[in-house]
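Fair warning: this is a prediction, and the values are worked out from it, not measured in the lab. Note on naming: letters A, B, ... go to the chains in the order of the sequence lines (proteins, then strands), and numbering restarts at 1 for each one.
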There are 2 protein chains.
Amino acid sequence: MLSEEKDDAEAVARIEAAFPLSFMIHQLQIKLGAQARALIAQHGDLTLPQWRIIRVIGMDAADGSTAIRKVLGFDKSQFSKTVTQLQARGLVEVLDHPVDRRQFRLALTGEGRAALDRLTPVLSARNEYLMQALSPEERALIRPALQKLSIAAETTDIPTGTDT
Amino acid sequence: MLSEEKDDAEAVARIEAAFPLSFMIHQLQIKLGAQARALIAQHGDLTLPQWRIIRVIGMDAADGSTAIRKVLGFDKSQFSKTVTQLQARGLVEVLDHPVDRRQFRLALTGEGRAALDRLTPVLSARNEYLMQALSPEERALIRPALQKLSIAAETTDIPTGTDT
DNA sequence: ACCTTATCGTTGACTTTTCCACCTTGCCGA
DNA sequence: TCGGCAAGGTGGAAAAGTCAACGATAAGGT
């Protein structure tokens, strides 16, 4: 009799139906993080934040520290520490910023790019797998939806129930 | 001249366009977590994980430890430690589980329910605020989408690019 | 009934993340 | 041009989260 186990699953479903959105996202993030860590660990020895930074630098869409830090949403301190680690491991090069002397530019070293090339296929396949779990409409809507939420999540003072 | 600042913002937008989904969710979760911490801190002295557990118990949809732990996605260890804190602070009561002797049941004490009632309006208003940032279709689709992703995120071995 | 396997919660060591104070650099109005 | 304020990065302390090992209970197959 697996009624107990089933009861737990039913209880989970019952709760999830009325779950705050932020809880759902948190729960999802926990699972995604664990999945990513497992994949990264199987194919190298980067940490998850290290991988994220390398991945963004490798997109060649920006090299300023602030831009990279902000897309990732990283805390200043964590970003600083992770970049130091990457630099110490010779995966990333830290260069002067041409305009803003507070910032710096980031570039991959040969070794850094090698790590990126080794990991990219694996993580891309995962991303594909995740996207395939969604219906076409969901695929189309989820990115803008997440972006809107991301902006809304930056508000510090919430309009108190003056809505209707 | 705010060209520098603007350049950063443009770079961020450029990167985000081609961002892996998992990165977007991670970035969103960071912001949501910070927002929730700020709100909770303003209205009491709970930690975020403590609040989450209290909130779920207060839904009265389940009281078994496993069900509560799994909807939140919490690590066993973290869950155990946070429940101990809540019990020590007298916010939560730990009772025997009627069927499974490995688990326990959780219930709010009077003080626990008071904390819940104090915080709920604030956090509910935030949830409303977040939902209002979405279009009606997005609102309708986001929950099932996140649930599908959550299931997909549990897969440990990803089908390697054999798709086409 | 029995044996094997899986799940549960707890613990301790460890890593990661957050928070805060600090100093430097850029921004903008007086 | 100066003076205040915002934004950038660093470093240390505290909190949160992760991981592996353990003993106890359940579940499932034989």
Atom pair distance, as rounded to whole Å: [atom1] in [X] and [atom2] in [N]:
{"X": "A:Leu72", "N": "C:dT17", "atom1": "CG", "atom2": "C1'", "answer": "14 Å"}
{"X": "A:His97", "N": "C:dG26", "atom1": "NE2", "atom2": "P", "answer": "11 Å"}
{"X": "B:Lys31", "N": "C:dT18", "atom1": "NZ", "atom2": "P", "answer": "13 Å"}
{"X": "A:Asp96", "N": "C:dT25", "atom1": "CG", "atom2": "P", "answer": "12 Å"}
{"X": "A:Gln29", "N": "D:dA16", "atom1": "CD", "atom2": "C1'", "answer": "14 Å"}
{"X": "A:Gln103", "N": "C:dC23", "atom1": "CD", "atom2": "C1'", "answer": "17 Å"}
{"X": "B:Arg37", "N": "C:dC20", "atom1": "CZ", "atom2": "P", "answer": "11 Å"}
{"X": "B:Phe79", "N": "C:dT7", "atom1": "CZ", "atom2": "P", "answer": "18 Å"}

(request) Indicate yes or no: does A:Arg89 engage A:Asp45 in a salt bridge with an N to O separation below 4.0 Å. (result) yes
(message) Let me spell it out: for each of A:Ile30 and A:Thr66, pick the nucleotide of DNA chain D with the closest heavy atom. Which residue's pick is nearer the 5' end?
(response) A:Thr66
(message) If you assign A:Gln78 and B:Val83 each to the DNA chain C nucleotide with the nearest heavy atom, which residue ends up on the more 5' nucleotide?
(response) B:Val83
(request) Indicate whether OP1 or OP2 belonging to C:dT24 is found under 4.0 Å from a side-chain N or O atom of A:Arg101. (result) no
Taking N and O atoms by type only, does the side chain of [X] place a donor or acceptor under 3.5 Å from a partner on the base of [N]?
{"X": "B:Arg102", "N": "C:dT7", "answer": "yes"}
{"X": "B:Ser77", "N": "C:dG12", "answer": "yes"}
{"X": "A:Lys81", "N": "D:dG9", "answer": "no"}
{"X": "B:Lys76", "N": "C:dT7", "answer": "no"}
{"X": "A:Ser80", "N": "D:dG11", "answer": "no"}

(request) Mind checking A:Phe104 for me? I need base, sugar-phosphate or nothing, with any heavy atom below 4.0 Å counting as a touch. (result) sugar-phosphate
(message) Mind checking if B:Thr84 touches a base, just sugar-phosphate, or nothing, with heavy atoms under 4.0 Å?
(response) nothing
(message) With no hydrogens and no angle check, just 3.5 Å: does a side-chain donor-acceptor pair link B:Gln50 and B:Thr82?
(response) no
Under the 3.5 angstrom rule, does the side chain of [X] hit a backbone N or O of [Y] as a donor-acceptor pair?
{"X": "A:Gln87", "Y": "A:Thr84", "answer": "no"}
{"X": "A:Thr120", "Y": "A:Leu116", "answer": "yes"}
{"X": "B:Gln35", "Y": "A:Ala152", "answer": "yes"}

(message) Heavy atoms from C-beta onward define the side chain here; which of D:dG8, C:dC19, C:dC8 lies closest to that of A:Asp75?
(response) C:dC19
